[in-house]
Enquirer: 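Take this structure first; my questions come after.
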Number of protein chains: 2
Amino acid sequence: MSRSDLYGMRRCACGNLRRTTRSITQFYDQLLQPSGLRITQFSLLLNISLHGNISVGELGAILLMDQTTVTRNIEILRKQGYINMTKEDDDARKKSISITENGARKLVEAKPLWEQAQSRIEQGLGSERYHDFLKTLKDVAQIVQ
Amino acid sequence: MSRSDLYGMRRCACGNLRRTTRSITQFYDQLLQPSGLRITQFSLLLNISLHGNISVGELGAILLMDQTTVTRNIEILRKQGYINMTKEDDDARKKSISITENGARKLVEAKPLWEQAQSRIEQGLGSERYHDFLKTLKDVAQIVQ
DNA sequence: AAATAACATATGCATATACATATATTATTT
DNA sequence: AAATAATATATGTATATGCATATGTTATTT
C-alpha cells in the first residue's frame, strides 16, 4: 500500500477520539486524585446520584457502557461504601442502585477538583466552541446507535 | 448537594468523551472484526507503517499513549507477526519497531472495513462538521499538554 | 575511570472495557 | 401448570490503560 493511501487513515474518527480521550482522562484523573475518585468512578457516582434507584442496565444505557462493565465498575464503588445495591421488590432480577451518604460526601469533595479540570477545557475552547463540541460528541454517538 | 448542582456536571468533557469513545470503539471493532484487528491495533499498525523504525517512546508521543501501554500493545502485534522489534545499533536501550509483510497485508485487508466505519461517521456529520470535529479533538488534547 | 544522573523500556498492580456465555428470574406460550 | 422464551445480572477471558517502580543502557559529573 502506498504511503499516501495510509496517510488518509490518520483522520480516523475512532483513533482520534481514543487519543484525545486518553489524554483528557489522564488530566482529569490527575486533578481528581486528592479525592481518590477516578473520572470513570466520578461519572458513575454522579449518574447514580442523579437517578436514584437505578438498575445496572439503565446505567449502561445512559453511559453507553456494556452491562458487564457497569457490573464491575459499580462493584468498586460499593466496596468503598459510596453506593448501595438492593434487589428490587417487584423484579428480583434487577438491582436497585443508590448513592450512600458517604458517596454524596465524596461527590461534594470531588466537585471543586472536577471544576478545576473542566474550566480548563471550557476556557481553552471558549464557551461557544465547547458547546458545539459537546453537541457533536452526542451526534457522533447517535450516528452509530 | 442539590440536584441542580449535580445537573451541571453532566457537561463533563471527560465523561462525554469517554461515553462517545466507548460507543464508537464498539462500532469500529465490530466492522473490523473480519480482519481480526481491533481499532487500537489498527491505529498502532498504521502509525508503525507510516513511521518506519520507530521507538516505543516515539509511538507513545504520537498516540498520546503511556510508554508502558505501548510496550504491552505492540507485544500483541508482535505475537501475530505483524511487526518486528530490534535493538537499535547506536542506542541499545531503544527498540526499533517496523511493520512486516504480514502486517502490511493485514492493513490492506482491514482498510475497506475501516472505510466502511469511517464513511458512516463522516457522512453522518457532513464533511465540514467532521473536519471541525477533528480539529477540536486535537485542540482539546493540546489544551492539557 | 568510577560514580552519578538521565534515559528507554519492562514489570507489578489496579482499573476500564466488552464479547461470549452462564445463572437466576420473570413473562409468554402451549 | 409445564415448557419455553425473554430479560437482568454475573463470570470467564482477553485487550486497553496508566502509575509506581525496576532494569538495563547511555550520558554526565567528579
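Keep in mind that this is a model prediction, so the values were computed, not measured. In the text below, chain A, chain B and the rest are named by the order of the sequence lines, each starting its count at 1.
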Enquirer: Side-chain N or O of B/Lys87 less than 4.0 angstrom from OP1 or OP2 on D/dT25?
Expert: no
Enquirer: If you draw the axis of the six-membered ring of B/Phe133, does the NZ or CZ of B/Arg129 fall within 45° of it and under 6.0 Å from the ring centre?
Expert: no
Enquirer: Report, as yes or no, whether the 6.0 Å neighbourhood of atom CD on A/Glu115 holds more than 12 heavy atoms from other residues, nucleotides or ligands.
Expert: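 Enclosed.
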Enquirer: For side chain to side chain donor-acceptor pair (under 3.5 Å), just list the numbers for A/Tyr130 and A/Gln118, CA-CA rounded to whole Å, side-chain angles, deciding distance to a tenth of an Å, and then say yes or no.
Expert: CA-CA 11 Å; A/Tyr130 183 71; A/Gln118 180 69 14; 2.9 Å; yes
Enquirer: Check DNA chain C against residues 19-38 of chain B and give the residues with a non-hydrogen atom under 4.0 Å, in numerical order.
Expert: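 Correct list: B/Arg22, B/Gln26.
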Enquirer: Could you pick out which residue, A/Ala92 or A/Ile39, lies toward the 5' side of DNA chain C when each is mapped onto its nearest nucleotide?
Expert: A/Ile39
Enquirer: Taking the nucleotide of DNA chain D with the nearest heavy atom to each, does B/Asp89 or A/Met85 sit closer to the 5' end?
Expert: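 Mapping each residue to its closest nucleotide by heavy atoms, the 5'-most match is A/Met85.
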Enquirer: Distance under 4.0 Å to a non-hydrogen atom of chain B counts as contact; along DNA chain C, which nucleotides mark the start and end?
Expert: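 Endpoints of the contacted stretch of DNA chain C: C/dA6 to C/dC19.
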Enquirer: Using side chain to side chain contact (heavy atoms under 4.5 Å, CB included) as the criterion, point out the one residue from B/Ile76, B/Ile97, B/Ile83, B/Leu63 that pairs with B/Leu44.
Expert: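 Exactly one candidate clears the test, B/Leu63.
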Enquirer: Checking the side chain of B/Thr69 only, and the main-chain atoms of B/Met65 only, is there a donor and an acceptor separated by less than 3.5 Å?
Expert: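 Absent.
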Enquirer: D/dA16 C1' sits how many Å from B/Leu44 CG, rounded?
Expert: 10 Å
Enquirer: Counting only heavy atoms not in A/Glu128, do more than 12 fall under 6.0 Å of its CD?
Expert: no
Enquirer: For the pair A/Leu64 and B/Thr20, evaluate side chain to side chain contact (heavy atoms under 4.5 Å, CB included) and give the outcome as yes or no after the intermediate values.
Expert: CA-CA 8 Å; A/Leu64 303 182; B/Thr20 296; 5.7 Å; no
Enquirer: Answer yes when A/Arg93 and A/Glu88 have at least one side-chain N-carboxylate O distance shorter than 4.0 Å, and no when they do not.
Expert: no
Enquirer: Do A/Glu75 and A/Arg72 meet the salt-bridge criterion of a basic N to acidic O distance under 4.0 Å?
Expert: no
Enquirer: Can you sort out which residues in residues 58-84 of chain B have a heavy atom within less than 4.0 Å of DNA chain C? Ascending by number, please.
Expert: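 Contacts with DNA chain C under 4.0 Å: B/Gln67, B/Thr68, B/Thr71, B/Arg72.
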Enquirer: Does NZ or CZ of B/Arg10 lie under 6.0 Å from the centre of the six-membered ring of B/Tyr7, at an angle within 45° of the ring axis?
Expert: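 Verdict for B/Tyr7: a cation-pi partner in B/Arg10.
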